[in-house]
Amino acid sequence: MPNLTLAIDDNLLLEARRLALDRRTSVNQLVRDYLATLVSEQHALQRARSRLKSALARGVVEVGPASLKREDLYER
């Protein structure tokens, strides 16, 4: 596993160490967990945008279990 060097404020590191101690983990693990969550959320957001773009291209908006066409929503 590659190493990463960070330059952070002394007070921030002290608080991070306290937090890690309270959680019975390390600052290193806190950073790994945070980055994994950040990447996972970004992938989920990209998948959601892709599904939305696909649905809009088809002219369909999915609402729960039902699917409505744009024409049905704006029928006059």
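Residues: numbered from 1 along the sequence shown. Given the structure is predicted, the values throughout are model-derived calculations rather than measurements.
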- prompt: Which residues, ordered by chain and number, are linked to Met1 in its hydrophobic cluster, where ILVMFWY side chains connect at heavy-atom gaps below 4.5 Å, directly or through other members?
  reply: none
- prompt: If every non-hydrogen atom of Leu30 is compared with every non-hydrogen atom of Ala20, which pair is closest and at what distance?
  reply: CD1-CB, 3.6 Å
query: Could you give the distance from CG (Leu4) to CG (Leu35), rounded to the nearest 0.5 Å?
result: 8.0 Å
message: Side chains of Asn11 and Glu15 only: does a donor on one sit below 3.5 Å from an acceptor on the other?
response: no
message: Please tell me whether Leu6 and Leu13 are part of a single hydrophobic cluster in this structure, the criterion being side-chain heavy atoms less than 4.5 Å apart.
response: yes
message: Rounded at 0.5 Å granularity, tell me how far CZ in Arg23 sits from CZ in Arg18.
response: 15.0 Å
query: How many angstroms lie between CG in Asp33 and CG in Asn28, if you round to the nearest 0.5 Å?
result: 9.5 Å
query: Can you hop from Val27 to Tyr34 via hydrophobic side chains spaced under 4.5 Å?
result: yes
task: For Arg32 and Gln29, test the side chains for any donor-to-acceptor distance below 3.5 angstrom and give the result as yes or no.
output: yes
query: In terms of heavy-atom contacts, does CG of Asp10 have more than 12 from other residues, nucleotides or ligands at under 6.0 Å?
result: no
